[in-house]
Trainee: 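Got a structure for you, questions after.
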Amino acid sequence: MHFWCIAVFFIPETRLRFFNKTCKMHSMQTSNTGRVLAPLGLLVVAASLIAYSGSHKPFGASELLSILTVMYRVGIALGIILLAGGIGKKIRRSDEGDLYQAAGDAAIGLGVIGLVILLIGTTIGLKLWILLAVFAAGAALLRQEILSFASAWKEAVVCFKGLDLGLGLIAGFAFFILAANLVIALAPPISFDGLTYHLTLPKYYLLESRIDYVPELMYWGMPQLTEMAFTLAMKFGGVQSAAVLEWMIGIVALAAIFSFIRKTLNNNSAWVAIASLLCGWTISDSLSRAYVEWSILLYGAVFLIQLDQWRASRSRTDLIWSAIFAGLALSTKYTGGVIVIAGIAVLLFDLRRSFFKEAILFGLVATIVFSPWLVKNFLATGNAFYPILFPAGAMTTTRLDFYEGTPIPLSIVERILLPVLASFLGVEGGAPYNASIGPLLVGLSLLAWFALKDFDSLKKQTFVTSSIILAVGFVLWMAGSAQTRLLIQPRLFLVFFPAWAVLAAYGFHGLEQSNPPALKVSWLVSMLVAFSLGLNAYETGMNLLRHDALKFATGQINESQYLTQNMGSYYSAMESIRGLPRGSKVLMLWETRGYYCIPICNPDETIDEFKDSIVAYKSPEATLSAWRAKKYTHILLHNLGAEFVRKDDLLRYIPSDWKAFDDLTASLQEVEKIGAAYTLYRLP
C-alpha cells in the first residue's frame, strides 16, 4: 500500500492525474464553502454598517431629503440636455466622436424643445401629463441617439493628459468655478434679471398653465427660446432645475469651444481659451444665475464652428446649419442678431460668384428660424419686435424712452477702444459697463496677429473666420452703444465671445510655437493665466461661502432662511405682500423683481411706472384714480430706489415730477415700513 503511494510521485502521468483530482476535489469544496461564505460575509458587513449607523448618523432625515432633492433637480436638467442631444443627433445625423459636434446636436435639440414648449403652451396648455407624455415619448423613441450623444463625452477624458503645472492649475481652477456655481444654482434664485423676467415669465406661464401675453412685463416681447426650456425644467423640478439647466448649457458651450480649439490647435491652447472666458466674473457667475448668457454663448460657438466648416467644405448643408444656429441665437436674445450680420460678412469676404445667392439663403433660413417670436409679438401687440423700435402694447412712448435711455457720452477714441475699456474698467454692477469680462480676452487675442505667419492654411482659415466675426461684433457693439445706454454692456454681446476666445487661444499657441531656446515664455504666460483664473476662483469661493448655498443644498437651512440672509428687506417685503388679504393687488414702484410675489404684485420692471403714469394722467389725484381703476389695493415703494433716482436721474425727471410724487405718497395710508428700504401703503 505504501509502495503504491510512493510510486504515485515518481511516475509523471500518475502524479499529474493525482494532482488534478486533488485540485478538483479542493475546488469543489471551496466552491461549496464560497456559496455559503460569500452571502454570509455580505450580510455580516451590511449588518455591521446598519448597527454602526444607528448611533452614528451622518445626516438627519431633512438633510437626506435635501440631498435627494438636489439629485432629482440635477437629474431633470440632465434629462433635458440628453433629450436635446438625442433630438439634435436624430435631425443632424452627425458623426460620433467630436465633442463639438455633440454640442451642436444639443444646441439644435434645445431649439426644438423651446419651439415645442411654445407651441404646446399657446395651444393645448402646459398640463403636466402632456409634458410628461411628450418627454417620455421623446426619450423612448430617441434612446439610441441619446446614447450616441452621451458617448461623445468620453473625449473629455483626454483633455487632462500631459498638462504641466500652469495648465494643471488652470484646469483645477476652472473645475472649482464650475462646481461652486453648480451649488449656487441649486439654491433659491436671488439674481436680479432672473427675478425680473428670466424666471418670472416661466412662473407666470406655469401659474396660468399656458403661454399668454403678459402686459405686466414688457420683457415678454423679448425672444424666449431659453425661457421655454426653463418653463419645462420648472414644471418638473422647480426653479432650481432651470438654473441647473443653464449651468449645463454652459458646460456644453465650454465643451464645444474646447473641443474645436483642441482639434484646430492643441490641448494647451484649448485650456487657455476656457480660462479667458471663465476669468471674467460676469461670465463665470452667469453659470448659476438662470440667465440666458450661456445659451447665447453656446449658439455663438456652434455657429462659428459650422461656418468655419462651410468655408472648408463649401457644402450648402454646412451653410444652412450655420444659419440655423444664427437664427437660434437671435431667438435667444435680440442682440444675438450680431452673428447674422457677421455670417453675411464672412460670405462677403470670400467674394464668390454665388455670394448673393448664399447670402440670401443664409438670411432667409435665419429669419425663418427666428420668425415664431416675431409672429407671437405681432399677434399680441402689433409690433413684431416688441418691446423695442416703436410704442405698442403696454410699451408707451414714455416707457420706450426710459428703457432705451440716453447714450453714454464717449469720445470717438473711447468708442473705438470700447472693448479694451470694458475689459479693464468694467465692474459687475458698476456703471457704465455693468460687467467684468476679465483681462485675458484682450491681452491674448492681440498676440494672435503676431503669430499669423506661422499658421498652416487650415489654422489661417479658422483665424480669419473668427477675426471677421469678432470685428463685426466690435463694430456693432460700438455703434449700438452710441444709440442707447443699454448697448454699452458687454454681456449683451456675448454671442461673439467664442470667436474672441478662439483668438485668445491662437495668441497662446503662437507663443508656444515661438518659445526662445533659453526661456519657455508660454509656460510663464500659462502661469499668469492660472493666476488670473485663480483670482476669480477665489472670488467665486467667497461668493459660495457668503451665500451659504452649500448649507441650503445639504438641508442645514431652509428656503426662507436662505432668502432672508441673502436678500434682507426685499424678501421681507415679499413675505408682507404674500400675507395681504385675499384679493389684494400690489403695484411696485422702483422695484423690478417680482418673482416672489406674482401674481399678487405688478413689478416696475423698467422703473418707469410713476413717470409714465404722471405723464399720462397729469396729476397725483388722476394717477390714484387710474390705479384704483386697475384694481390696485396697495403700493410697495422701494424707498432707496426712489431716492437714488431722485439724486441721479436729472434728465428724465423734472422737479414737478417729484412734487407730484411727494403729494401722491402723502395721500397714501402707510401699512408697514420694512426696514429703510421699503414701505407698504394702502390706496385710499
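Treat the numbers as computed from the prediction; the structure is a model and nothing was measured. All values below come from the heavy atoms of this structure, side chains included, with hydrogens, waters and symmetry mates left out.
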Trainee: Would a distance-only check, ignoring hydrogens and angles, find a side-chain to backbone donor-acceptor pair under 3.5 Å from Arg578 to Tyr596?
Mentor: yes
Trainee: Got Thr554 and Glu63 here, is their nearest side-chain heavy-atom distance under 4.5 Å?
Mentor: no
Trainee: Measure from NZ or CZ of Lys376 to the centre of the six-membered ring of Trp220, then state whether that distance is under 6.0 Å and the direction lies within 45° of the axis.
Mentor: yes
Trainee: Check the pair Asp401 / Lys611 against salt bridge (Lys or Arg N to Asp or Glu O under 4.0 Å), numbers first and verdict last.
Mentor: CA-CA 11 Å; Asp401 290 341; Lys611 178 69 176 182; over 6 Å; no
Trainee: Determine, step by step, whether Asn558 and Ser560 satisfy the side-chain hydrogen bond (donor to acceptor under 3.5 Å, both in side chains) criterion, reporting the C-alpha distance in whole Å, the side-chain angles of both residues, the deciding distance to 0.1 Å, and the verdict.
Mentor: CA-CA 6 Å; Asn558 60 32; Ser560 179; 4.8 Å; no
Trainee: Ring centroids only, cut at 6.0 angstrom: are Phe661 and Trp590 within range, meaning strictly under it?
Mentor: yes
Trainee: Scan side-chain atoms only and decide if Gln224 and Tyr205 contain a donor-acceptor pair under the 3.5 Å cut-off.
Mentor: yes
Trainee: Between Asn181 and Asp285, is the side chain to side chain contact (heavy atoms under 4.5 Å, CB included) condition met? List the steps.
Mentor: CA-CA 7 Å; Asn181 278 289; Asp285 193 54; 3.9 Å; yes
Trainee: Which heavy atom of Gly111 sits nearest a heavy atom of Leu225, and at what distance?
Mentor: O-CD1, 3.6 Å
Trainee: Mind checking whether Tyr538 and Phe173 have ring centres under 6.0 Å apart?
Mentor: no
Trainee: Quick one, Arg289 and Glu246 - any side-chain contact, counting heavy atoms below 4.5 Å?
Mentor: no
Trainee: Does a donor on one side chain and an acceptor on the other come within less than 3.5 Å for Thr196 and Thr592?
Mentor: yes
Trainee: Does CZ in Phe160 sit with more than 12 non-hydrogen atoms of other residues, nucleotides or ligands closer than 6.0 Å?
Mentor: yes
Trainee: Are any non-hydrogen side-chain atoms of Leu182 and Ser288 less than 4.5 angstrom apart?
Mentor: no
Trainee: Measure from the ring center of Tyr653 to the ring center of Phe402 and say whether it is less than 6.0 Å.
Mentor: yes
Trainee: With a 6.0 Å cut-off (strictly less than), is the heavy-atom count around NZ of Lys585, excluding the residue itself, greater than 12?
Mentor: yes
Trainee: Determine whether the side chains of His198 and Asp193 contain a donor N or O and an acceptor N or O closer than 3.5 Å.
Mentor: no
Trainee: Kindly indicate, with the supporting measurements, whether the criterion salt bridge (Lys or Arg N to Asp or Glu O under 4.0 Å) is fulfilled by Arg491 and Glu428.
Mentor: CA-CA 10 Å; Arg491 67 183 184 86; Glu428 176 70 22; over 6 Å; no
Trainee: Could you tell me whether Phe531 atom CZ has more than 12 heavy atoms of other residues or ligands within 6.0 Å of it?
Mentor: no
Trainee: Tell me, do Trp500 and Pro419 make a side-chain contact under 4.5 Å, heavy atoms counted?
Mentor: yes
Trainee: Quick one: which of Glu670, His634, Gln669 gives a side chain to side chain contact (heavy atoms under 4.5 Å, CB included) with Tyr681?
Mentor: Glu670
Trainee: Evaluate the side-chain hydrogen bond (donor to acceptor under 3.5 Å, both in side chains) criterion for residues Glu591 and Tyr678: first the C-alpha distance (whole Å), next the side-chain angles of each, then the deciding distance (0.1 Å), finally the verdict.
Mentor: CA-CA 9 Å; Glu591 177 53 74; Tyr678 296 92; 2.5 Å; yes
